Amino acid sequence: MCRGLTEKQRFYSKWVKELRSSMATLLHKVDLEHHLVTSGWYMRDTKASSLNDVLRWKESFSHLLRSKEGRSTFHGFLQTEFSEENLEFWEACEDYKKTRWVKRLPSKAQGIFQEFLLIGSPKEVNIDHRARELIYQKMAVPCRNCFDAAQEQIRILMEKDSYPRFLKSPIYTKLLKQASQRTASFT
């Protein structure tokens, strides 16, 4: 009987530790989002964004990704969700495709692989095993499109998962309100 009680105590002790950890993570997320919204940090690059720009981000995820200010704001939001590595990977792939000198491709490809695709890396992105295996094969002779499949998976993940929450977030709604007020003050 005493042994069963000890196992039960260990179970509850472990459960309480996990609960504390989850609560700490949640409180950190809420605190970070509150800090971003109240400080306006996420808008440092978006001061000049017009109401039309901010509204276009809501029209489509592609509009958001094409906008430097949109990506910066979205990155701030992703930090509150602890998933900023997705956008960072997408941007690294875009930069990789624009590499002018072919001789630089292998080192840049290796850097992207190590930072985002290596299992266990701190910024590991969530892609399926087929895409990871395909990239691993292409790493022998990297080409400009060797990350395309993984980049597209991450783009779809952000569009279906994070983007709808971003549009409902205090970060986006406050930015939209401020852009509307700036526009109203000019008329």
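Values in this document were obtained by computation on a predicted structure and should not be read as measured data.
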Exercise for the section: Output, in order, the C-alpha distance, side-chain angles, deciding distance and verdict of side-chain contact (heavy atoms from CB on, under 4.5 Å) for Leu65 and Glu94. Expected result: CA-CA 11 Å; Leu65 289 178; Glu94 287 296 298; over 6 Å; no
Exercise for the section: Evaluate the side-chain proximity of Leu176 to Leu51: yes if any heavy-atom separation is below 4.5 Å, no if none is. Expected result: yes
Handout entry: Heavy-atom check, side chain of Thr173 versus side chain of Lys177, under 4.5 Å
Key = no
Problem - Shortest non-hydrogen contact between Glu81 and Ser162, atoms and distance - result: OE1-OG, 3.8 Å
Exercise for the section: Please confirm whether Phe61 and Phe74 have ring centers closer than 6.0 angstrom. Expected result: yes
Practice task
Could you tell me whether Arg130 and Glu133 have a side-chain N and a carboxylate O separated by less than 4.0 Å?
Solution key: no
Practice task
Spell out, yes or no, whether Leu167 and Ile156 are grouped together once hydrophobic residues are joined by side-chain heavy atoms under 4.5 Å, including indirect joins.
Solution key: no
Handout entry: Interatomic spacing from CD in Glu91 to CD in Glu84 - rounded to 0.5 Å
Key = 11.5 Å
Problem - All pairs passing salt bridge (Lys or Arg N to Asp or Glu O under 4.0 Å) where residues 100-113 contributes a residue, at least two apart - result: Asp95-Lys108
Exercise for the section: Look at the side-chain heavy atoms of Ile, Leu, Val, Met, Phe, Trp and Tyr, link any pair under 4.5 Å apart, and say whether Tyr136 and Leu134 land in one connected group. Expected result: no
Problem - Heavy-atom check, side chain of Ser169 versus side chain of Phe166, under 4.5 Å - result: yes
Practice task
Fit a plane to each ring of Tyr172 and Trp57, take the angle between them on a 0 to 90° scale, and name the class: parallel (under 30°), tilted (30 to 60°) or perpendicular (over 60°).
Solution key: tilted
Fill in the blank from the handout: Residues Ile127 and Ala150: closest non-hydrogen pair is CD1-CB, 3.9 Å
Handout entry: Straight-line distance of Gln151 CD to Ile135 CD1, nearest 0.5 Å
Key = 10.0 Å
Practice task
Could you tell me whether the side chain of Leu78 reaches within less than 4.5 Å of the side chain of Ser83, counting heavy atoms only?
Solution key: yes
Exercise for the section: Report yes if the side chains of Gln153 and Val125 come closer than 4.5 Å at any heavy-atom pair, otherwise no. Expected result: no
Handout entry: Separation between SG of Cys143 and NZ of Lys97, rounded to the nearest 0.5 Å
Key = 11.0 Å
Fill in the blank from the handout: Rounded to the nearest 0.5 Å, the CG atom of Asp148 sits from the SG atom of Cys93 at a distance of 8.0 Å
Handout entry: SB check Arg132 Glu124 (cutoff 4.0 Å)
Key = yes
Completion exercise
Shortest non-hydrogen pair, Tyr96 vs Pro142, comes out as OH-CB, 3.4 Å
Problem - Within one Ile-Leu-Val-Met-Phe-Trp-Tyr cluster: Val102 and Phe147, side-chain cutoff 4.5 Å - result: yes
Problem - Residue list, side-chain contact (heavy atoms from CB on, under 4.5 Å) with Asp161, at least two apart or on another chain - result: Leu157, Arg165
Problem - Donor-acceptor under 3.5 Å (Ser67 side chain, Leu64 main chain) - result: no
Practice task
Look only at the side chain of Thr73 and the backbone of Glu69, and say whether a donor-acceptor pair between them is shorter than 3.5 Å.
Solution key: yes
Fill in the blank from the handout: Nearest heavy-atom approach of Asn86 to Ile154 is O-CG2, 3.4 Å
Practice task
Look at atom CZ of Arg144 and say whether more than 12 heavy atoms of other residues, nucleotides or ligands are closer to it than 6.0 Å.
Solution key: yes
Practice task
For residues Lys138 and Asn145, determine if any side-chain heavy atom of one lies less than 4.5 Å from a side-chain heavy atom of the other.
Solution key: yes
Would you tabulate the side-chain donor-acceptor contacts of residues 110-118 under 3.5 Å, counting partners in other chains and residues two or more places apart, or write 'none'?
| residue | atom | partner | partner atom | Å |
| --- | --- | --- | --- | --- |
| Glu115 | OE2 | Lys123 | NZ | 3.4 |

